[in-house]
Amino acid sequence: MNPTSIFDSLPRDLNLEVFEELVHASTVRIERIVSKGQTTPEVGWYDHEENEWVMVVKGKACLEFEDGSICDLSAGDYINISAHVKHKVLWTDPNHMTIWLAVFYS
């Protein structure tokens with residue numbers, strides 16, 4: 001079996017944030033998310049059915065939670081977000097690619 005890198009096959013067009021499912025099983029889903037300046041639309045919050053462990057692999061981002069708290073993330077930083085904790089992406093670096101690894105689990 002040959003390994004794959006999180007940095008393989010990065011999208012060239014980042015006008016929109018790119019979500020790619022890497023693994024999917026009954027109790028876990030792993031996604032690579034690639035951003036460049038994107039934020040969560042003003043009209044909504046993420047409100048996942050599963051818990052979400054998210055790490056910034058490369059770049060910088062900022063999350064906001066419904067309670068008003070803010071979480072700045074740089075490469076190597078991670079956070080665990082419990083199911084139904086409403087949050088959104090407040091900022092991603094508009095000048096450099098941000099690569100996220102998101103693990104959704106029940």
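Smallest separation of non-hydrogen atoms from D72 and C62: OD1-SG, 3.2 Å. Between E52 and A102, the closest heavy-atom pair is OE2-CB, 3.9 Å. Smallest separation of non-hydrogen atoms from K60 and T98: O-OG1, 3.0 Å. Between G37 and T92, the shortest heavy-atom contact is N-OG1, 2.9 Å. The shortest non-hydrogen separation linking A83 to N51 is N-OD1, 3.0 Å. Of all heavy-atom pairs between S9 and E20, the closest is O-OE2, 4.5 Å.
Side-chain contact check for S106 and E50: no donor-acceptor pair (N or O, by modelled atom type) lies under 3.5 Å. A side-chain donor from one of S35 and W100 sits under 3.5 Å from a side-chain acceptor of the other.
One finds the NE2 atom of H84 at 4.0 Å from the CD atom of E49 (value rounded to the nearest 0.5 Å). Atom CE of M55 sits about 13.5 Å away from atom CD1 of I33, to the nearest 0.5 Å. Rounded to the nearest 0.5 angstrom, T4 OG1 and M1 CE are separated by 9.0 Å. In this structure, D13 CG and K36 NZ are separated by 10.5 Å, a value rounded to the nearest 0.5 Å. Distance CG/L63 to CG/D77: 10.5 Å, rounded to 0.5 Å.
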Test side chain to side chain contact (heavy atoms under 4.5 Å, CB included) on L10 and V34 and set out the steps. CA-CA 8 Å; L10 291 170; V34 184; 4.3 Å; yes
Could you go through the side chain to side chain contact (heavy atoms under 4.5 Å, CB included) check for I81 and V54 one step at a time? CA-CA 8 Å; I81 305 168; V54 65; 4.3 Å; yes
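L16 and I99 sit in two unconnected hydrophobic clusters of ILVMFWY residues. Membership requires side-chain heavy atoms under 4.5 Å apart, directly or through other members. Under the 4.5 Å side-chain heavy-atom criterion for Ile, Leu, Val, Met, Phe, Trp and Tyr, V85 and I79 are members of the same hydrophobic cluster. There is no path of hydrophobic side-chain contacts, each under 4.5 Å, that joins I70 to W91.
The side-chain contact (heavy atoms from CB on, under 4.5 Å) test applied to D67 returns F65, S69, not counting sequence neighbours.
In the displayed structure, H96 atom NE2 is contacted under 6.0 Å by at most 12 heavy atoms of other residues, nucleotides or ligands. Residue-environment remark: CD1 (I6) exceeds the threshold of 12 foreign heavy atoms within 6.0 Å.
The side-chain heavy atoms of L22 and L101, taken from C-beta on, include a pair separated by under 4.5 Å.
At least one donor-acceptor pair closer than 3.5 Å links the side chain of Q38 to the backbone N or O of L14.
Within the structure, ring-ring contact (aromatic ring centres under 6.0 Å, His included) pairs that include any residue of residues 40-61 comprise Y46-H48, Y46-H87, H48-H87, H48-F104, W53-Y78 (at least two apart or interchain).
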